[in-house]
Amino acid sequence: MATLRLGPLLRYADESSATIWVEASRPCTAEARCADGAGGQTRTFQVAGHHYALIPVTGLAPGTTTAYEVLLDGVRVWPLPDSPFPPSVIRTADDGVRGKEGDAFRVAFGSCRWAAPAAGEKDPVGADALDTLAARMAADPTGERPDVLLLLGDQVYADEVSHDTRDWLAARRDLSEPPGAEVADYEEYTHLYYESWLDPDVRWLLSTVPSCMIFDDHDVIDDWNTSAAWLADMRDTPWWRERLLSGLMSYWVHQHLGNLTPAELAADPLYAAVRESPDGTDVLRAFAARADTDPASVRWSYRRDFGRVRLLMVDSRAARVLEEGERSMLDPGAEAWVREQALTDPGSYDHLLIGTSLPWLLPHLVHDAEAWDEALCRGERGARWARFGEKLRRAADLEHWAAFTDSFTALADLIAEAGSGPEAPATVLVLSGDVHHAYAAEPTWPEDSRPDARVLQLTCSPVHNAIPLYIKVGFRLGWSGLGRALGRRFARHGRVPRPPVSWRRTGGPWFGNMLMTLTVRGRSARLRLDRAQGEKGVGARLETVMESELSA
């Protein structure tokens, strides 16, 4: 008999359809049945000995909240027996116009989540914000809940595993051999997802709130695609190719598929080929190999429309151009796609959300240091400074948008263009994580190019992780007047021109395990930051530390 190994994850929902992701223990027919008679079923597909399904659910009524159950070969496997949680539900939009005047649409977002320890174990980094959100929702099933959850990178940590996972790896292979106590292959990646997504609270949360995801570096390795020299060094190691291919394959299965709409899935030749094959491993591995050798052949970025809220989730890792002098956060095809999606159908959306794991606007000192380092690495100060710049870039993680100066400027120009004119949205909001603190920053353009929309960088990280004291001090310095002055000295040394925009911090920095929630009503938007307090199972709660109106 087939059993449920992982999931269900509710990945997509609109006014009449949804998709639900599951992993089963063996080949079977996976089915979702809703209380109102809607549902759907599909056969599992196989990758590396694992069996997955993305169940299409159709026939849902608009504007409803409907409980569902999951069956494998006709046997109910979800909800779990004796579950302490309310039923998992699918909530549909009433007419596709979410966020219209008077009708709240909520987007919760954050990044960087270590798996929480098992119940009863002390958590070294404090309460998990996702666990705490789940507990709050379960305690009040009719209360406020996100309409979608955006997970902006580092859903799993391939290079920083828990003690339990280290022990599991040690029982499997010799950790004295590279890559040591890090993930080496597809099977080990699946263990990371089990550890993270089988957490009971998070499992229930992901079964009842739709989610959109994008990878960041730790989903593969710290500072993934920092530079061409970094990539060349990694390709010379004997274990890198298997790590990368396994990382891309497991990302496609566990995260990317659920990001796609039903129409996109139906048109996806890779999805069709994997499903049609008795074993899709070789097909998917060949795809990952092409993505490695020719990153421009794959687009991990995607668009989701929630009525009059448009989300562009932008891949800021795998789409990079790394050659010095030509560095770009996005290859030409990816950059053209982002522009097209942001600018098409002006007036059709009231809020443009640009999800990118790495912040566009950083603390001023950090921004200038990264732009200075990029100038050094391309030879602005000679070969010796270039060698120093490469060492510094890797040691200090200097590889955000600021370290791709042309891309930073191109994004500034695109935001100004999308946010200008009589059909401009009310807000253009860049949603990011990565940097293990939360803040809001507002850019200012020269008078002749200032957009009509309210533009903000909103950064929320981590969901569940830690940050050393010295880094907290560094980020506070980075936002200070002294930090700004130091940064300009770096920039002058590297002959770096001033950025096309200036910006100021309007909130933060805040530290801890956090989630931001954006609530949209018509052309109005409100932001709230909640921080997890206490310990799991011992009075853990979400405490609001900031609320702010973004537009009116």
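The first residue of the sequence shown is numbered 1, and numbering continues consecutively from there.
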Test S316 against every option in L358, D434, D217 by the side chain to side chain contact (heavy atoms under 4.5 Å, CB included) rule and name the one that passes. L358
Do V148 and V209 touch side chain to side chain, with heavy atoms closer than 4.5 Å? no
The criterion is side-chain contact (heavy atoms from CB on, under 4.5 Å); which residues satisfy it with R285, sequence neighbours excluded? E242, L245, M249
Residues in side-chain contact (heavy atoms from CB on, under 4.5 Å) contact with E31, at least two apart in sequence or another chain: R33, Q41, L71
Do the side chain of N513 and the main chain of A129 share a donor and acceptor less than 3.5 angstrom apart? no
Does the separation of the ring centres of W197 and W204 fall below 6.0 angstrom? no
Heavy atoms, side chains only, cut-off 4.5 Å: are C112 and H436 in contact? yes
When V455 is tested against each of I415, L361, I354 for side chain to side chain contact (heavy atoms under 4.5 Å, CB included), which residue passes? I415
Only one of V428, L353, T344 forms a side chain to side chain contact (heavy atoms under 4.5 Å, CB included) with R310, so which one is it? T344
Where do L429 and L431 land on the side-chain contact (heavy atoms from CB on, under 4.5 Å) test, with the steps shown first? CA-CA 6 Å; L429 306 174; L431 313 182; 4.0 Å; yes
Is there a side-chain contact between H367 and W503 in this structure, where contact means two heavy atoms from C-beta onward sitting under 4.5 Å apart? yes
Under 3.5 Å, is there a donor-acceptor pair between the N465 and Y157 side chains? yes
Pairing residues for T226 by the side-chain hydrogen bond (donor to acceptor under 3.5 Å, both in side chains) criterion, not counting sequence neighbours: none
Can the ring centres of W21 and H254 be said to be less than 6.0 Å apart? yes
